[in-house]
Visitor: 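Below: one structure in structure tokens.
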Amino acid sequence: MEMASARQIAAVPYYAAQGSECALFERAHASRLPLLIKGPTGCGKTRFVEYMAWKLGRPLVTLACNEDMTASDLIGRFLLDAQGTAWHDGPLTLAVRHGGICYLDEVVEARRDTTVVIHPLADDRRVLPIERTGELLHAPDSFMLVMSYNPGYQNFLKGLKPSTRQRFISLRFDFPASAREESILVGEAACDPMLARQLVSIAGRLRSLKDVDLEEVVSTRLLVYAAKLVKVGLDPVEACRSALVESLTDDADVADALLEVVRATFGR
């Protein structure tokens, strides 16, 4: 696995706050509390963390979790290089050393026995034991552990252990209200406000469909993609077919039903 790096976010990421989430994040950081963010795919969880890392001036280390991830992928391992064998920090260790923010994205995808290694960091001990090197790292006050996941994908086999969940304060994300989602499209994709209104209208209708079997509903991220395609000259219906419809389903009949909503919105 490629070793992680701590990145300082220089330019302010575009983020439109939905409520008091920025204040909660700041106070959690000041209180040295770990944060769990839950919400559907593409609703702004990762962008929010990037924005807060910029706002707090802290380096950010991000890891997309998966079922093959091991404790070594989090903490680090010895690797061969030109000089022989050398220790390489994993993302968790790197963030602790730099006093940064470690963001574990879609943490429920990781095996439960892997995420247990975060427990000493996520309670009042705030330490990271590294057995392979014999180190016991004490997290500085500026270090913060943040995790996210999509509750819609939770099941008995893929869920956080109660012993993990109860070490975190939690923040629930959802798709923004229509007016705010329109402003996000205008700000993120620099698109025409009328197009933003039409795309958000499509999203609202698709999200409310009851008789169509979709694993996920259309996300704000996909709306931004569609807006960007239209902005560079692609026909709006074709942009929505590519960015929204085909991204949501492989079923031809379901795709046709979704596309009818798109065509009706654009008067086709």
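Residue numbers count from 1 along this sequence.
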Visitor: Give the minimum heavy-atom separation between Cys65 and Leu104, together with the two atoms involved.
Guide: SG-CB, 3.9 Å
Visitor: Using the side chain to side chain contact (heavy atoms under 4.5 Å, CB included) rule, take Arg58 and His98 through it: C-alpha gap first, then chi angles, then the decisive distance, then the call.
Guide: CA-CA 9 Å; Arg58 303 313 309 159; His98 286 79; over 6 Å; no
Visitor: Nearest 0.5 Å please: distance from the CZ atom of Arg172 over to the SG atom of Cys43.
Guide: 10.5 Å
Visitor: If two hydrophobic side chains count as joined below 4.5 Å and joins carry through other members, does Met69 share a cluster with Ile130?
Guide: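 They do share one cluster, since a chain of ILVMFWY contacts under 4.5 Å joins Met69 to Ile130.
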Visitor: List for me each residue that meets ring pair (Phe, Tyr, Trp, His ring centres under 6.0 Å) alongside Tyr225, sequence neighbours excluded, and say none if there are none.
Guide: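 If we apply the ring pair (Phe, Tyr, Trp, His ring centres under 6.0 Å) test to Tyr225, skipping adjacent residues, there are no hits.
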Visitor: Does a side-chain heavy-atom distance below 4.5 Å link Thr62 with Val49?
Guide: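 No, their side chains stay 4.5 Å or more apart.
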Visitor: Working to the nearest 0.5 Å, report the span between CG of Leu24 and CG of Leu35.
Guide: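 Here the rounded value is 6.0 Å.
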Visitor: Identify each donor-acceptor pair in which a side-chain atom of residues 175-185 lies under 3.5 Å from a protein atom, sequence neighbours left out, and give them as a table.
Guide:
residue : atom : partner : partner atom : Å
Arg180  : NE   : Ala17   : O            : 3.4
Arg180  : NH1  : Ala17   : O            : 2.6
Glu181  : OE1  : Arg207  : NH1          : 3.1
Glu181  : OE2  : Arg207  : NH2          : 2.9
Glu181  : OE2  : Thr220  : OG1          : 2.6
Ser183  : OG   : Arg180  : O            : 2.7

Visitor: What distance separates Cys240 SG from Glu246 CD, expressed to the nearest 0.5 Å?
Guide: 12.0 Å
Visitor: Is it the case that one hydrophobic cluster holds both Leu136 and Leu74, taking links as side-chain heavy atoms less than 4.5 Å apart, direct or via other members?
Guide: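 No, separate clusters.
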Visitor: Check whether more than 12 heavy atoms from other residues, nucleotides or ligands sit under 6.0 Å from atom CZ of Arg132, and answer yes or no.
Guide: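 Not more than 12 within 6.0 Å, no.
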Visitor: Determine, for Lys45 against Glu21, whether the closest basic-nitrogen to carboxylate-oxygen distance falls under 4.0 angstrom.
Guide: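 Answer for the salt bridge query: no.
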Visitor: Does Trp54 form a side chain to side chain contact (heavy atoms under 4.5 Å, CB included) with Glu50? I'd like the steps, not just the answer.
Guide: CA-CA 6 Å; Trp54 169 83; Glu50 291 176 343; over 6 Å; no
Visitor: Indicate if Leu234 and Leu259 have the same hydrophobic cluster label, given that clusters are the connected sets of ILVMFWY residues with side-chain heavy-atom separations under 4.5 angstrom.
Guide: no
Visitor: Could you check whether any side-chain heavy atom of Val61 comes within less than 4.5 Å of a side-chain heavy atom of Tyr103, counting everything from C-beta outward?
Guide: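 In short, these two side chains do not touch, never coming nearer than 4.5 Å.
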Visitor: Return the CD to CG distance between Gln198 and Leu223, rounded to the nearest 0.5 Å.
Guide: 12.5 Å
Visitor: What class does the angle between the rings of Phe173 and Phe48 fall in, given that below 30° is parallel, 30 to 60° is tilted and above 60° is perpendicular?
Guide: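 Phe173 and Phe48: tilted rings.
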Visitor: So Phe168 and Ile37, do their side chains get closer than 4.5 Å, heavy atoms only?
Guide: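 Answer no - side chains too far apart.
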Visitor: Donor-acceptor check, side chain of Thr114 to backbone of Ala110, threshold 3.5 angstrom: yes or no?
Guide: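 No, Thr114 side chain to Ala110 backbone: no donor-acceptor pair under 3.5 Å.
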Visitor: Keeping the roles fixed (side chain from His29, backbone from Ser142), state whether a donor-acceptor pair exists under 3.5 Å.
Guide: yes
Visitor: Would you kindly say whether Glu106 and Asn66 are connected by a side-chain donor-acceptor distance under 3.5 Å?
Guide: no
Visitor: Does Val230 belong to the same Ile/Leu/Val/Met/Phe/Trp/Tyr cluster as Val237, with side-chain heavy atoms less than 4.5 Å apart forming each link?
Guide: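 Yes.
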Visitor: Ser201 side chain to Arg197 main-chain N or O, any donor-acceptor pair under 3.5 Å?
Guide: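 The answer is no, because no donor-acceptor pair under 3.5 Å joins these two groups.
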Visitor: Is the shortest heavy-atom distance from the side chain of Thr164 to the side chain of Met147 under 4.5 Å?
Guide: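 Side-chain contact under 4.5 Å: yes.
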Visitor: Minimum heavy-atom separation for Leu33 and Met144, please, with both atom names.
Guide: O-CE, 3.8 Å
Visitor: Is the shortest side-chain heavy-atom distance between Leu222 and Val218 below 4.5 Å?
Guide: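 Yes; the side chains approach each other to less than 4.5 Å.
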Visitor: Given side chains that start at C-beta, do those of Leu171 and Phe25 come closer than 4.5 Å, heavy atoms only?
Guide: no
Visitor: For Lys38 and Asn150, run side chain to side chain contact (heavy atoms under 4.5 Å, CB included): C-alpha distance rounded to whole Å, both residues' side-chain angles, the deciding distance at 0.1 Å, then the answer.
Guide: CA-CA 6 Å; Lys38 47 190 178 182; Asn150 178 358; over 6 Å; no
Visitor: Which heavy atom in Leu92 sits nearest to a heavy atom in Phe143, and how many Å separate them?
Guide: CD1-CZ, 4.4 Å
Visitor: Check this for me: Glu238, atom CD, are more than 12 non-hydrogen atoms of other residues, nucleotides or ligands nearer than 6.0 Å?
Guide: yes
Visitor: Is a side-chain N or O of Ser208 found less than 3.5 angstrom from the main chain of Arg205, in a donor-acceptor match?
Guide: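 Yes; at least one donor-acceptor contact below 3.5 Å.
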Visitor: As an exercise, state the distance from CH2 of Trp87 to OG1 of Thr133, rounded to the nearest 0.5 Å.
Guide: 5.5 Å
Visitor: Could you work out, with side-chain hydrogen bond (donor to acceptor under 3.5 Å, both in side chains) as the rule, every residue matching Asp235, not counting sequence neighbours?
Guide: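 Testing Asp235 for side-chain hydrogen bond (donor to acceptor under 3.5 Å, both in side chains), a comparison that skips the adjacent residues, returns Arg268.
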Visitor: If I take atom CG from residue Leu79 and atom NE2 from residue His88, how far apart are they, to the nearest 0.5 angstrom?
Guide: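 Rounded to the nearest 0.5 Å, the CG-NE2 separation comes out at 4.5 Å.
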Visitor: Would you find a donor on one side and an acceptor on the other, under 3.5 Å apart, between the side chain of Arg27 and the backbone of Ala23?
Guide: yes
Visitor: Taking all heavy atoms of Asp68 and all of Asp73, pick out the closest pair and write down the distance.
Guide: O-OD2, 4.0 Å
Visitor: Run the numbers on Val96 and Cys102 for side chain to side chain contact (heavy atoms under 4.5 Å, CB included), then give the verdict.
Guide: CA-CA 8 Å; Val96 174; Cys102 182; over 6 Å; no
Visitor: Does Ile75 offer a backbone N or O that forms a donor-acceptor pair with the side chain of Thr93 under 3.5 Å?
Guide: yes
Visitor: Do the side chains of Arg167 and Ser163 get nearer than 4.5 Å, heavy atoms only?
Guide: yes
Visitor: Contact between Val245 and Asp256 at the side-chain level, heavy atoms closer than 4.5 Å - yes or no?
Guide: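 No. Closest side-chain heavy atoms not under 4.5 Å.
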Visitor: Minimum heavy-atom separation for Ala11 and Ile9, please, with both atom names.
Guide: O-CG2, 3.4 Å
Visitor: Could you tell me which non-hydrogen atom of Tyr14 sits nearest to which non-hydrogen atom of Ala16, and how far apart they are?
Guide: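 Closest approach of Tyr14 to Ala16: OH-CB, 4.1 Å.
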Visitor: Is there a path of hydrophobic side-chain contacts, each under 4.5 Å between heavy atoms, that joins Ile202 and Leu214?
Guide: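 As far as the 4.5 Å side-chain criterion goes, Leu214 and Ile202 are connected within one cluster.
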Visitor: Between Gln18 (side chain only) and Asp174 (backbone N and O only), is there a donor and an acceptor less than 3.5 Å apart?
Guide: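 Confirmed, Gln18 side chain pairs with Asp174 backbone.
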